[in-house]
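Have a look at the structure below before the remarks.
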Amino acid sequence: MTFKTLQVNDLHIFYREAGDPAQETILFLHGLPSSSHMYRDVMAGLSERYHVIAPDYPGFGLSSLVPVTFDRIAEVMLQFVDKIGLEAAYFYMQDYGGPVGFRMAGARPGLVKGLIIQNANAYMEGLGEFPMQLAEHQQKNDMAAVEAMRQYLFSFEGIRDQYVHGVKDPRKIAPDAYLSDHYFMQREGVLNIQYNLFDNYGSNFLLYPQWQQYFREHQPPALVTWGKNDPFFTVEGAKAYGRDLRNISYHFFDSGHFLLEDHCQEVATLIDTFIRRQESSM
């Protein structure tokens, strides 16, 4: 595994890379509140056969700390893949990785060889307890409750709970995962960046019909791996992809939002089988 920083216009984008660039590439797009760090183990497991790349978005991890929106992150990620010369890849998307990756796919369909979707929504079905409560407070204009939920989400307790909620055995969740995320969130200015991006999340709902149209028109092969006990995105959101995608397989795990923390090897095997199947059929 190598750790690099690439200048994209006026931004520095940190990324992890491993494997042979001559092999099929998997681009890993991370979620909240993490960074490319969340993919450390699955990348190591796949790097013998695949070229694996995971950037930190601007405003996250070790990349430039600047205000961003989901549109801006997707724009920068497209510039990033152009700068490294990536012409096509399998997209692995979790949580925020969905809104980022689907924007990229819609803008550049030829960039996508297949989708690997983990607990990331593109349909209104499947919104879990936390986002539903948040929406209810927003509709009632109960801004004190909204602020309390937002502060909890980015607190140490909230970050830890995103990792351990719904997992069968919390002892299998490495503490360094949530400790690392919390550390990065505590740097000067980061919480304001994250609060503003969190408030921008509603922009994704408006794009759901466009992303669904992309699925219907381009029919990318898809592998869905899902922690079925996720309080943010439920299994209904996973199953909804089947309405528009024909070449799709589902795998549900007794886990939570960060499925790779306790089912990394199983997911790596599924990814390998999925890509081998796509390549053999081409």
Side-chain angles (χ1 to χ4, degrees), residues 1 15-19 23-55 89-98 100-102 112-122 126 128 162-174 176-178 180-181 220-235 237-242 245 247-280:
M1 186 81 66
Y15 65 105
R16 302 164 191 260
E17 183 174 18
Q23 302 300 321
E24 293 295 335
T25 298
I26 308 171
L27 177 68
F28 291 87
L29 299 169
H30 67 80
L32 173 78
S34 195
S35 63
S36 61
H37 180 264
M38 69 170 284
Y39 292 123
R40 64 203 181 281
D41 293 333
V42 73
M43 291 177 71
L46 291 167
S47 60
E48 289 189 9
R49 178 169 172 78
Y50 300 100
H51 179 218
V52 291
I53 301 176
Y90 289 88
F91 279 31
Y92 191 114
M93 301 169 293
Q94 188 262 359
D95 189 62
Y96 276 14
V100 173
F102 294 140
V112 180
K113 299 196 74 172
L115 302 175
I116 305 164
I117 306 167
Q118 181 211 321
N119 297 78
N121 267 32
Q162 291 178 63
Y163 278 88
V164 302
H165 180 93
V167 304
K168 188 173 183 179
D169 185 356
R171 295 173 300 176
K172 293 184 177 181
I173 307 303
D176 56 295
Y178 51 80
S180 172
D181 287 354
L223 167 66
V224 176
T225 64
W226 209 273
K228 64 182 181 180
N229 305 320
D230 187 349
F232 300 97
F233 304 118
T234 69
V235 294
K239 294 176 180 177
Y241 286 98
L245 291 170
N247 183 3
I248 186 170
S249 59
Y250 299 96
H251 299 271
F252 298 104
F253 293 84
D254 188 12
S255 187
H257 192 60
F258 283 101
L259 163 65
L260 292 176
E261 293 297 319
D262 56 340
H263 291 281
C264 178
Q265 185 55 57
E266 297 99 313
V267 173
T269 300
L270 289 170
I271 292 170
D272 182 42
T273 301
F274 169 69
I275 295 179
R276 285 175 184 263
R277 184 181 300 122
Q278 305 316 313
E279 296 307 308
S280 66

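- Atom CG of residue Leu259 and atom CE of residue Met38 lie 8.5 Å apart, to the nearest 0.5 angstrom.
- Side-chain contact between Leu223 and Ile271 is present, with at least one heavy-atom pair separated by less than 4.5 Å.
- Atom CD in Gln265 sits 10.0 Å away from atom CG in Asp41 (nearest 0.5 Å).
- The two atoms that bring Leu115 and Val112 nearest to each other are CD2-CG1, 3.6 Å, heavy atoms only.
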Inset, instruction - Start with the C-alpha distance between Phe274 and Tyr90, add both sets of side-chain angles, then the distance that settles side-chain contact (heavy atoms from CB on, under 4.5 Å), and finish with yes or no. - result: CA-CA 10 Å; Phe274 169 69; Tyr90 289 88; 3.9 Å; yes

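- You'll find the side chain of Gln118 stays beyond 4.5 Å of the side chain of Val267, heavy atoms only.
- Among all heavy-atom pairs drawn from Ile248 and Gly242, the shortest one is CD1-N, 4.1 Å.
- Taking the six-membered ring where tryptophan is involved, the planes of Tyr241 and Phe102 are tilted, since the angle between them lies from 30° to 60°.
- The CD1 atom of Ile117 sits 6.5 Å away from the CG atom of Leu245 when rounded to the nearest 0.5 Å.
- The distance from the CZ atom of Phe252 to the OG1 atom of Thr225 is 10.0 Å, given to the nearest 0.5 Å.
- A 4.5 Å side-chain heavy-atom check between Glu17 and Met43 finds every atom pair outside the cut-off.
- Residues Asn119 and Asp95 have side chains that never bring a donor and an acceptor to within less than 3.5 angstrom of each other.
- Considering all non-hydrogen atoms of both residues, Ala177 and Arg40 come closest at CB-NH2, 3.9 Å.
- Between Tyr163 and Phe258, the ring planes lie parallel to each other; the angle is under 30°, not in the 30° to 60° tilted range.
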Inset, instruction - Any chance you could lay out the side-chain contact (heavy atoms from CB on, under 4.5 Å) test for His257 and Gln94, step after step, and finish with the verdict? - result: CA-CA 9 Å; His257 192 60; Gln94 188 262 359; 3.4 Å; yes

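- Put simply, the side chain of Trp226 never gets that close to the backbone of Lys239: no donor and acceptor are under 3.5 Å apart.
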Inset, instruction - Would you please test Gln162 and Tyr178 for side-chain contact (heavy atoms from CB on, under 4.5 Å) and show each step? - result: CA-CA 9 Å; Gln162 291 178 63; Tyr178 51 80; over 6 Å; no

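- Atom CD1 of Ile116 and atom CZ of Phe28 lie 6.5 Å apart (nearest 0.5 Å).
- Considering every non-hydrogen atom in both His263 and Asp254, the closest pair reads NE2-O, 3.9 Å.
- Inter-residue side-chain proximity for Asn229 and Phe253 is flagged as unmet; no heavy-atom pair is nearer than 4.5 Å.
- Just one residue in the list Arg276, Arg49, Lys113 forms a side chain to side chain donor-acceptor pair (under 3.5 Å) with Glu24, and that residue is Lys113.
- Residues passing the side chain to side chain donor-acceptor pair (under 3.5 Å) test with Ser36 are Arg16, Asp56, sequence neighbours excluded.
- Atoms OH and OG, from Tyr96 and Ser34 in turn, are 12.5 Å apart once rounded to the nearest 0.5 Å.
- Pro231 and His165 get closest at one heavy-atom pair: CD-CD2, 3.5 Å.
- Pairing each heavy atom of Ser47 with each of Val52, the nearest pair is CB-CG2, 4.2 Å.
- Between Leu32 and Phe232, every side-chain heavy-atom pair lies at or beyond the 4.5 Å cut-off.
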